Amino acid sequence: MDFIWNSITDWLKEVLVSGIVSNLSGMFDSTNEQIGEIAGQVGLTPQAWNSGIFNMIQNLSNNVILPLAGAILAIVMTLELIQLITDRNNLNDVDTWMFFKWVFKSAAAVLIVSNTWTIVMGIFDAAQSVVNGAAGVMIGNTSIDISSVVTDLESRLMEVDVGPLLGLWFQSLFVGICTWAITICIFIVIYGRMIEVYLVTSVAPIPMATMANREWGQMGQNYLRTLFALGFQAFLIMVCVAIYSVLVQNISVSTDISTAIWTCMGYTVLLCFCLFKTSSLARSVFNAH
């Protein structure tokens with residue numbers, strides 16, 4: 001009777017160990033691949049990330065938004081002229097220098113609007129140069145391989161009873177499902193940021209047309225802050241990945257399989273959470289609304 005029970009137990013162990021090893025061997029492959037692509041994705045300018053989308057947004061901005069920005073600029077500068085005249089004691093103290101001032105501000109505003117795309121892309125080029133310069137300094141190995149973290153995996157699992165093996169199999173299955181969800185979240189953060197960049201830059205001429213006015217100028221200033229926040233969000237993302245790469249290197253000191261699995265899972269969830277927070281953090285740094 002004991003022989004039959006031992007045979008069944010050994011068979012269950014082999015099945016569970018095989019399932020656990022299979023779950024662990026490719027558990028973090030998709031996450032490792034997605035995290036490994038972060039540096040390359042955030043290090044690209046809008047033009048380099050997808051030239052097709054970039055050209056479409058540029059054509060929309062120049063052909064649709066720019067004429068509207070010209071009309072807004074005319075209204076804004078007309079209001080500016082009215083303010084310059086009425087502020088001087090209701091036309092009782094009018095000097096010719098005010099008109100030269102208005103002409104200068106109008107010329108500067110036209111220059112800004114006509115070169116909006118160059119200004120916007122210059123901001124992202126500056127931000128991406130910082131990101132690319134930091135990539136080689138900060139980013140290390142971000143890959144997680146449970147089989148290398150826990151040595152002699154199969155032999156150690158065969159020494160465990162059936163009950164703990166069954167629990168470990170459920171844990172590995174659950175964590176594997178969670179890693180797919182985390183991979184999707186990381187994809188949303190990285191690609192969502194670039195979509196937001198294209199959306200924000202598509203309407204660039206309108207807020208830039210208000211830069212020369214004292215009252216309306218806050219719109220243009222907040223827009224520039226938003227551009228800097230989007231640009232340097234990539235730098236914050238790189239910092240998050242760099243911290244993650246340092247943390248995952250310490251997992252190898254773990255001797256418990258379950259602890260190693262959940263530690264890897266915890267670090268990955270932490271990275272995902274930090275990536276989501278980079279947008280609001282970058283906006284708070286540049287005081288962008």
Side-chain angles (χ1 to χ4, degrees), residues 20 23-44 46 49-50 127-128 130-132 134-150 168 170-200 226 228-254 256-286 288:
I20 293 171
N23 291 338
L24 296 182
S25 61
M27 177 179 294
F28 292 97
D29 287 352
S30 60
T31 306
N32 291 337
E33 182 180 358
Q34 193 66 49
I35 295 175
E37 293 177 355
I38 289 179
Q41 293 289 337
V42 301
L44 297 176
W49 193 78
N50 191 302
Q128 297 313 118
V130 174
V131 172
N132 293 330
V137 177
M138 295 189 302
I139 303 301
N141 183 20
T142 59
S143 296
I144 297 176
D145 185 6
I146 293 293
S147 60
S148 64
V149 170
V150 183
L168 187 59
F170 277 113
Q171 290 181 51
S172 64
L173 184 63
F174 175 76
V175 172
I177 296 173
C178 292
T179 56
W180 279 102
I182 293 173
T183 302
I184 295 173
C185 291
I186 295 174
F187 175 87
I188 291 173
V189 172
I190 302 305
Y191 281 75
R193 171 184 170 271
M194 291 307 302
I195 298 300
E196 185 179 2
V197 168
Y198 289 126
L199 294 177
V200 171
T226 301
F228 277 105
L230 283 173
F232 282 90
Q233 182 188 355
F235 177 78
L236 297 181
I237 290 174
M238 297 290 286
V239 175
C240 292
V241 176
I243 295 173
Y244 172 81
S245 67
V246 174
L247 291 176
V248 297
Q249 303 309 312
N250 298 325
I251 300 176
S252 58
V253 301
S254 176
D256 183 71
I257 300 174
S258 180
T259 301
I261 294 174
W262 287 106
T263 302
C264 295
M265 182 66 185
Y267 287 156
T268 310
V269 172
L270 179 63
L271 172 64
C272 186
F273 173 77
C274 292
L275 291 179
F276 273 106
K277 292 292 291 182
T278 54
S279 177
S280 59
L281 181 59
R283 291 179 184 274
S284 64
V285 168
F286 290 95

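Side chains are part of it too, since the values below use all heavy atoms of this structure and drop only hydrogens, waters and symmetry mates. Because the structure is a prediction, the values reported are computed rather than measured.
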Review point. Ignoring hydrogens and geometry, is there a side-chain-to-backbone donor-acceptor pair from Gln128 to Val42 under 3.5 Å?
Key: yes

Practice item. Output all residues satisfying side-chain contact (heavy atoms from CB on, under 4.5 Å) with Leu236, sequence neighbours left out; order by chain, then residue number. Key: Thr278, Leu281, Ala282

Point to revise | Sequence-distant partners of Phe273, side-chain contact (heavy atoms from CB on, under 4.5 Å), two or more places apart | key: Lys277

Check your understanding: If every non-hydrogen atom of Cys240 is compared with every non-hydrogen atom of Leu271, which pair is closest and at what distance?
Key -> O-CD1, 3.7 Å

Exercise for review: Would you mind listing every salt bridge (charged side-chain N to carboxylate O under 4.0 Å, His left out) that reaches into residues 175-196, with sequence neighbours excluded?
Suggested key: Glu196-Arg283

Check your understanding: With a 4.5 Å limit on heavy-atom distance, are the side chains of Ile190 and Ile237 in contact?
Key -> yes

Exercise for review: Considering non-hydrogen atoms only, spot the tightest contact between Val131 and Phe235 and give its length.
Suggested key: CG2-N, 3.6 Å

Point to revise | Contacts of type side-chain contact (heavy atoms from CB on, under 4.5 Å), residue Leu270, not counting sequence neighbours | key: Leu247, Cys274

Review point. To the nearest 0.5 Å, how far apart are OG1 in Thr268 and CD1 in Ile186?
Key: 7.0 Å

Review point. To the nearest 0.5 Å, how far apart are CH2 in Trp180 and SG in Cys185?
Key: 13.5 Å

Review point. In chain order, what residues pass the side-chain contact (heavy atoms from CB on, under 4.5 Å) check against Phe228, with sequence neighbours excluded?
Key: Ile123, Phe232, Phe286

Point to revise | Atom pair CD1/CE of Ile243 and Met238 - distance to nearest 0.5 Å | key: 12.5 Å

Study note, to complete from the structure: Sequence neighbours excluded, the answer for ring pair (Phe, Tyr, Trp, His ring centres under 6.0 Å) partners of Tyr191 is Trp49, Phe187

